[in-house]
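Structure first, commentary second.
All values below were derived from every heavy atom in this structure, side-chain atoms included, with hydrogens, water molecules and symmetry-related copies excluded. Chain A is the first sequence line, chain B the second, and so forth, proteins listed ahead of strands; every chain is numbered from 1. What you see is a predicted model; the values in this text were computed from it and never measured.
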Amino acid sequence: MSLLEVNNLHTHFVSHDLNNRLRVAKGLNGVSFEVDKGEIVGIVGETGAGKSLTAMSIMGLLQLPARIVEGSVRFDANELVGLGVEELNKIRGTQLTMIVQSPLSSLDPLSRVGKQLVRAQQEHRSISADDAWRAGADMLATVGIPDAERRMRAWPHELSGGMAQRVLIALALINGPRMLIADEPTTGLDVTVQAQILDLLRTLVADRDMAAMIITHDLGVVAHYCTRMCVMFAGSIVESGPVRQVFNDARHPYTQALISSTPKRIAQKGYGQIGGPPPNLYDLPLGCHYRDRCSRAADICHSTPPVTGVGDKHEAMCHFADESGANPAAAHHG
Amino acid sequence: MAEPILQVRNLVKHFPGNRPGETIHAVNGVSFDLIPGQTLGLVGESGSGKSTIGRCVVRLLRPTSGKIQFGAHDITTIGEGQMRPLRKEIQIVFQDPYSALNPRMRAGNLIGELVKLHSDLGPQARRERVAALAARVHLNADLLTRFPNELSGGQLQRVCIARALATNPKVIVLDEPTSSLDLSVRAGILELLGELQRETGVAMLFISHDLETVQLVSHRILVLYLGFVIEDGPANAVFAKPSHPYSQALLSADLPPDPDVVLDRQILQGEVPGPVNLPPGCAFAPRCPLARDECTGARPPLVGVGENHHAACVRIADGTNDIRAAQIAAAGDIHKKFQDQFVRRTT
Amino acid sequence: MTDVSLTGTALSGFSWRGRIFGIARRSPTFAIGFAIVAAFALIAIFADIIAPFGPIETFSREVLIPPGAKFIFGADGNGMDVFSRVLHGARYAFGIAVPSAALMLVIGVPLGLIAGYKGGVLDEIVLRIMDVLRSFPSIVLALAVVAATGQSLVNVVLVIGFLDAPIFARLVRSEVLALRSSGFIESAVAAGNPTWRILFVHLMPNAIRGSTAMIAVRMAWAVRISATLAFIGVGIQAPTPEWGAMIRQGAEFIISGEWWVALFPGAALVGVVLGFNLLGDGLQDLLDPRRKATGK
Amino acid sequence: MSVRRFLLRRLVLVVPILLGITFLTFMLVRIGEQSPVAMLGGPMADQATFAIIEEELGLDRPFFVQFGIYLGKLVQGDLGDSWQSSERVADEIRNRLPASLELLIFSVLLGALIGVPVGLRSAQRPNGLFDQVSRFVSLFGFSVPTYWIALMSIFVFFFLLRWSPPPMGRLNIMSFPPPRLTGSYFIDSIVSGNWSTAWSALGHLTLPVILFSIIVAAPIIKHTRAIALEVLSSDYARAQGLRPKTVRRIALRNAIVPILTFIGTELTGLLAAVSLLELIFAWGGLGQWGLNAILLGDFAAVQGYVLVLAVFSVSIFVVIDLLVLVLEPRATLRS
């Protein structure tokens, strides 16, 4: 049994438009995946594919009009969907934590770093303020903040972007979680700082025997920091598998298009398939959602494609998943 | 080589800081040429002044000093009234197409606006011109009646490019034109830009922090750090043999989207300092693993390291400017062994 | 959380019924406010037809009659029908609110546009005026000006319009400041738009959105302040059927127990002002779905 | 910047604002229709009498000379004399300001005491029943004219129920004002141990304070709710799995500064709004006096009244700035 098991998760946005017609945006359409101890799973996809929504659904942080209409999220064999805030908080923030986007807005502007670290501990267990303070300072040092004692007394607004991100990681790890979800942990950081943060994350996950899920739109991050990856499109995971396998033998045309659109591949193979506009979540086509943009589309694509296993833990949601396109860019020519 | 269409010499741009008496030194003496039919890539992290340079070139900002020569015109400090007729020659495409278009105007009118401002075409001729432009950027004609919020990011960026092309400009500044777009859409935009350059021979200034994209589209590259050019040269030469320690670190921090590439990274300590108080001497010295005492003295000049390839580092003279070589030499075999181990564990 | 694609939302199947219910569901506040304001607007238009008596028609032998069959809101100290007067009072409310709101916009919006976009001296002036007005209760200023310039409907409208114009100037100015550095204004400049086109074609339609809700709120204020002036005795004077002036008439009878003279015009006043305020609040909900979203 | 330098700078910046306001009122009262000359002279006076009065009041001199003389006296603390009461304006203000402040301060305290918790509670479950009701009540408070609600409650609580003393002044006729200490009859009489006076003062205070606190609470509810909502929906409050109680505490802490700033900016307007209430309850405070001065064209008195309002608001802003400095780590002393 895996640490985190997400099964057939459907999250919808239900609202009424100005003409009083019911509108349902299908944000997630049956998302299933697992994360095991020691793994770093990367979730990639374009804007609106449902990456962040997946994380929010898992963490129970959805705000109306978004809500889970079907499916289950099991963490360490405990069902999280439908739990009240009180029970959820026993897991959230201690065993399962999240680093949300935009580090600066994620810190309480009116509490010093140290106080926030102490508070995060005292919320979940009884620990003396002194002990919590010491643990906090140690954690700051662990995440690579020099002069940790002094930084404990800093206000959030005095931190640089990279520092703030480190403090957030410290906050997420302070209660010794078993799994960490990082939503675009390096977006907005400079390239040279990005490397520092990602290395830190990987080391921490390995040292602490944790699991992690990284949400990103950067295939480079997935390629070098994740063990497994899930490719999302229009609220579904269209392909998942070990990173190396997916990169070298992508079976879903969308994954193939993604990989072939990276500048490196373009430089080697020329321009591949051109991406179209994202599908309208209020009016998703029946069958394969990628149909309209797919060069491989056929009549059969009007029926929902099955999730087909194509290798060790490698699955793709495509009618043609069995056809190996060992060289993704070869399927198209620029 | 063709005559440059735009020459920038010693461009300096300062802004008043947040506190009284403070000065933000955004750009500190940058020179370059734009050649028709070629793309110059500006690379740098936040605070490197790359966007400021772009805005100075299209005269959205007035440079503090230096010179910008466009053809026969010195546009460095001319007023908006004199600049306006020249605007049709120098266009810009911004990073975020969602905010770069007036949300209250339809796509067709947004493109038509430029035609209207810079030509005497009647309404009918204008419509035809807009349709032709839309076709050229591969934008479906039925999208022209839509408002920006009814279009996707890729479509919006095509509208922006159509706007930039509407007046047949000689120079286009592209300020991170693909950063806010999804990967699969990015490629299409890059392809379109290349296609247009081949057709029209327009000179492009391509600003980006994404090294791979810059490498893909640029003929020449300028690497910026804290408003200084620390390296320039032909794109391939710079990527093949980065000479400034910062260029080396920057290039090594790149994550190629390919798990089979073995990373060999020189991770820098700390972050880019704010451009308020510039470090003395070489701006990169405080973070440079190779910094020597003399680095905090005078600012190092750009010296030739190859054909048309220059870098500003004092260590170039004695050939000790390679971070990796220096590290290996310093740490010896132990370091190398550790590094091998690390690489094995992570891949 | 908001990364839901809204592109290509078809607007087919429009129906008035659907639209009305849709708006009412999105913002009940707006719907109620709109209904109240519309009802009073109808009263103002058809006051002559609805009212049983003329607004200054006197029944000299029927002074201070409590509400009853003939005078459903009672009769006042001059023997006038309070009901008819309250109905006619609606005309003064709208007669002040609408033109003064128009005046606020005509003065404030261009001022804010130019001040925000051009900065410099004009911006300084607008800011200083705002400073003065901020440290200066508007009611006192209105009172002083009306007391100085004389009591007439036109004066009241002018004073209210001029006093509130800086509010819109500031509102538009701050929108412009936010928009000025936003991409589309930069790209409008880079496109070679002349300044007037940037101001009125590009900035105005986008900068004025935030003011829409404020118009309703300031109309509420206009109705209130004009009534207050009349109540104090500087604005419009009795026997004009203006609600503030009527409350002033009724004030002297309160301690002796003739409550109806002051109650009904005041209730009508509260109704209209509340209507405009609800309208403004609801407009804000409708125009800024994010506010609603975080509100949920 | 040190606090002292900050205060000094603030003072320097305030001078042109005060000067502007003074000039504006000086001009306004003089272009007015009411002329003290005509009023003082009475209906029977002839041109010669008018001329004498005009000369006595200094109104025959050029406008800017008059303004200069006024400013000269102002610098020495002389606000001139009220022609209506012949009292020194400075004395009148000193005597009447405490009455207004008593009403204002009690109302603002009560209003904040009602408004802040209600606003916070509203933000807990937005669009819930409590929220809907409190939003409506708050909008009602925005919309109801002070004087009208005052008249109506006088009718109910004085005329019908006889719970409230007659709306005439701050004490009943049998009581004498206590020795002046703070200027508040209620507090002063408690301090001096005069319980019956204190009881009477409290009785007279109750109705106007409750009424006014509703007016004060309305915008406070609205703003507290908006600010709290923003905090509650922010990332830091949600992702760390904090208990709702902790989130509420953080929300309150984050809301304090904007709420304080808001109350501060409202205070000046309230000092003016209270004058209508004073008028109806014959309170004898500054507001009532100022209103009358404006109506009668009592030049010096109007000037004095307006100046008090301006100084009051300016000092409130400084106090708020200093408070924010203490409570908000991001704040720095800037002009």
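By the side chain to side chain donor-acceptor pair (under 3.5 Å) test, Asp131(A) is found to be paired with Ser128(A), Arg134(A), residues two or more places apart in sequence or in another chain being considered. Partners of Thr216(A) under the side chain to side chain donor-acceptor pair (under 3.5 Å) rule, at least two apart in sequence or in another chain, do not exist in this structure.
The shortest non-hydrogen separation linking Leu327(D) to Leu110(A) is O-CD2, 4.3 Å.
Looking only at side-chain heavy atoms (C-beta outward), Arg119(A) and Ile250(D) come within less than 4.5 Å of each other.
Atom-to-atom distance recorded for Asn89(A):CG and Thr246(D):OG1 is 9.0 Å, nearest 0.5 angstrom.
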